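Here the structure comes first, spelled out in C-alpha cells, and everything after it is commentary.
The shown structure was predicted, so the numbers you read here are calculated from the model rather than taken from an experiment.
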Amino acid sequence: MDEDPQDYPHTAISTWSGFVYQGKLAVYYFLELIALNYEGNRELKLQLESEDDFAIFQGDQCISLHQVKAYKDTLFSRYRSGIEKQKEKALEHNIDTAYFHVARNIHDLPDSFEQDYQPVKLYRYPLQPEQDNGETKAYCPLDEIDAIIEKKIAVLIRNTEGIENWKINCCGRIREALEAMVNAKVIAVHSKIHASKIHQAQLAAEEFIPFSELCEVLEADEFDSIENEDYFLSRLQIDIGTYYKNFCDMQEGISQKNQDKLDQYLAVITGFNKEQMKDFLRAVMPHRKGKFRTLQEFKDETVDLDSIRQGLFAIFYRLISADNFLSERVPFAWQDNEAFYYPTGIHTGAELVDTICYAILQQSQSEDVECLFESGALVTTSIDRANITHVKFGVDTIAEEDNSTQGHSIISFQKMSLVSLKNIPENLKDAEID
C-alpha cells in the first residue's frame with residue numbers, strides 16, 4: 001500500500017537562503033567521519049533535505065540528524081523552535097546523534113541546554129581555521145568553513161594510507177570538487193520536485209550520495225576529468241549562492257516578503273542548465289570583455305562578489321519581482337508600457353559611463369547578447385545614459401574592428417539605454433523598500 005505523503009519527513013529544499021552553507025557543512029561532516037574510519041565508513045550515505053537538512057545513513061538506518069541555521073541572530077529564542085523539533089524527531093525515530101549547526105555564536109545559551117534538549121548538541125568546530133589542537137567553538141561562520149574543510153582534507157591526506165601525499169597541495173581543488181558533488185545533488189532533487197507530482201519529501205528521501213563516491217574525489221589520480229562543464233556549473237551556483245547570502249546578511253530588517261522574493265531569484269538561477277547559465281551571465285555582465293565559450297571562462301572572468309552583491313542582487317532587491325523567462329535567453333526583465341528593463345551587475349560610478357558603454361559595444365561584437373537587440377534599458381545601480389552608442393571614444397572605433405556586423409548592431413544598440421535605480425519608473429520600484 002502506498003504511504004501517506006504525510007509519513008515522509010518535511011523537506012525545505014525549495015528554500016535557498018542557506019543551501020551553500022549547508023552543503024559545505026555536509027562536506028565537512030563527511031570528512032570528519034571518513035577520517036575516523038576510512039574504509040569502514042565508505043559504506044555510509046549522505047541524504048540531503050529529507051530527514052533533516054542533512055542526515056547520515058547506514059543502509060536504511062538513519063544514524064545522525066543535522067540541522068543547519070545560518071541566521072544573523074545570536075539569541076537562543078531564534079533557534080529554540082528548530083532545536084525542539086529536532087529533539088522530537090530524534091526521540092521519535094530513536095536516533096542517538098542529532099547535531100545543530102549554527103553560523104554565529106549563541107550568546108545566551110542556557111546552562112542546561114544539553115540536559116534539556118538531549119540528544120541534540122551544538123556541533124563544535126575548530127576555534128581557529130588553521131588550528132588542530134582540540135580547541136573548539138559551537139559555531140562556524142561561512143567565511144571560515146572553506147579553510148576548516150581544507151585543513152581537514154590536509155590532515156586526512158597525511159594520515160590515510162593510499163592517498164598520495166602530493167594531493168596536500170590540492171586541498172582547495174578537492175574541497176571544491178566535493179562541494180560541487182553535493183551541490184549537484186541538491187539541484188537535481190530540486191529539479192525533480194518541480195517536474196513531478198510526487199510529494200517533495202518522498203523525492204528527497206530517495207536521494208543519497210554514497211560516501212564511496214565522495215571518496216573517489218580524494219582518490220582521483222588527477223582532477224582534470226572532474227573539472228568538466230558540470231563541475232563549473234556547480235561552482236558558479238555555489239559562488240552566486242555565497243554572494244547572495246553575503247548580500248542578505250548586509251540587509252537590516254529585511255521582510256519575509258522580500259526574503260521570499262530574493263529566494264525565488266536564486267532558485268531560478270540555480271536551476272539553470274549549462275547553456276542557460278551562459279546566456280544569463282552574458283545578459284547580466286554585458287560589459288565584461290572576453291570570448292566566453294565554456295563555464296570555466298565565465299567563472300574565471302565574469303562572476304565576482306561585487307557584481308553580484310552590489311549590482312545584480314541590489315537591483316533585484318530594490319525593484320518589484322521581475323518577470324522571468326520572457327525569452328529562453330533573457331531570464332529576467334521588467335516591462336513598463338512598451339519598454340523592457342534588464343538587470344545587470346554594473347555597479348560602478350557614473351564617472352565611468354563612457355568606459356562601460358564602450359565595453360558593452362566592444363564585447364557585443366564577439367558575444368551575442370539577446371537583450372541588446374531589444375528596445376529598452378540595462379538597469380545599473382548608478383549610471384544613466386540615454387543611448388549606449390553615445391560614447392566619447394566613438395562607435396567608429398568599434399566599427400573598424402568588425403565592419404561585417406557594425407551596421408546592424410549600431411542601429412539596434414541605439415534603442416538601448418542605461419538607467420540607474422533612482423530613475424527606474426516608479427511602478428517598478430518595490431514600495432516596501434522605498
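Remark: R104 engages D249 in a salt bridge (Lys or Arg N to Asp or Glu O under 4.0 Å) (not counting sequence neighbours). In terms of the side-chain contact (heavy atoms from CB on, under 4.5 Å) criterion, residue partners of L109 (sequence neighbours excluded) are, by chain and number, F76, I106, F113, L122. Annotation: salt bridge (Lys or Arg N to Asp or Glu O under 4.0 Å) contacts of D336 (sequence neighbours excluded): none. For D260, there are no salt bridge (Lys or Arg N to Asp or Glu O under 4.0 Å) partners, not counting sequence neighbours. Every residue was checked against the salt bridge (Lys or Arg N to Asp or Glu O under 4.0 Å) condition with K422, not counting sequence neighbours, and none meets it.
To the nearest 0.5 angstrom, D52 atom CG is 8.0 Å from C62 atom SG. Here the straight-line distance linking atom CD of Q276 with atom CD1 of I269 works out to 12.0 Å at 0.5 Å rounding. Atom CG of L46 and atom CG of L214 lie 7.0 Å apart (nearest 0.5 Å). Here CD1 of I424 is found 11.5 Å from CZ of R318. Values are rounded to the nearest 0.5 Å. For the atom pair NZ (K89) and CG (L65), the distance works out to 6.5 Å, reported to the nearest 0.5 Å. To the nearest 0.5 Å, atom CG of residue L312 and atom CD1 of residue I315 are 6.5 Å apart.
Pairs engaging residues 45-64 under the ring-ring contact (aromatic ring centres under 6.0 Å, His included) rule: F54-H66, F54-H101, F57-F208 [sequence neighbours left out].
Put simply, the side chain of T270 gets close to the backbone of A267: a donor and an acceptor are under 3.5 Å apart. Looking at Y117, its side chain never comes within 3.5 Å of a backbone N or O of R80 through a donor-acceptor pair. Distance alone, capped at 3.5 Å, places no donor-acceptor pair between the S307 side chain and the V303 backbone.
The pair E227-R173 meets the salt-bridge criterion, with a side-chain N (NZ, NE, NH1 or NH2) lying under 4.0 Å from an Asp/Glu carboxylate O. We find that E275 and K278 are joined by a salt bridge, their nearest charged nitrogen and carboxylate oxygen being less than 4.0 Å apart. Classification of E219 and R42 as a salt-bridged pair holds, one side-chain N sitting under 4.0 Å from a carboxylate O. Salt bridge absent: E144 and K151 never bring a charged side-chain N and a carboxylate O closer than 4.0 Å.
For the residue pair Y243 and D304, no side-chain donor N or O sits within less than 3.5 Å of a side-chain acceptor on the partner. Using a 3.5 Å distance cut-off with no hydrogens or angles, the side chains of Q67 and K69 do pair a donor with an acceptor. Side chain to side chain, E179 and N183 fail the donor-acceptor criterion of an N or O pair below 3.5 Å. Using modelled atom types and a 3.5 Å distance limit, the side chains of Y231 and E176 yield a donor-acceptor pair. With 3.5 Å as the limit, one finds no donor-acceptor pair spanning the side chains of Q264 and S321.
F247 and Y317 have perpendicular rings, their planes meeting at more than 60° on a 0 to 90° scale where under 30° would count as parallel. A perpendicular orientation is assigned to the rings of F332 and Y265, their planes being inclined by more than 60° (bins at 30° and 60°).
Counting only heavy atoms from C-beta outward, the side chains of Y28 and Y123 approach each other to under 4.5 Å. Here the side chains of F272 and P331 are in contact, with some heavy-atom distance below 4.5 Å.
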Report the C-alpha separation of Y79 and D73 in whole Å, then their side-chain angles, then the decisive distance to 0.1 Å, and conclude whether the side chain to side chain donor-acceptor pair (under 3.5 Å) test is met.
CA-CA 9 Å; Y79 301 87; D73 303 75; 5.7 Å; no
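Heavy atoms of other residues, nucleotides or ligands lying less than 6.0 angstrom from CG of N37 number more than 12. The environment of E222 atom CD is dense: over 12 non-hydrogen atoms of other residues, nucleotides or ligands sit within 6.0 angstrom.
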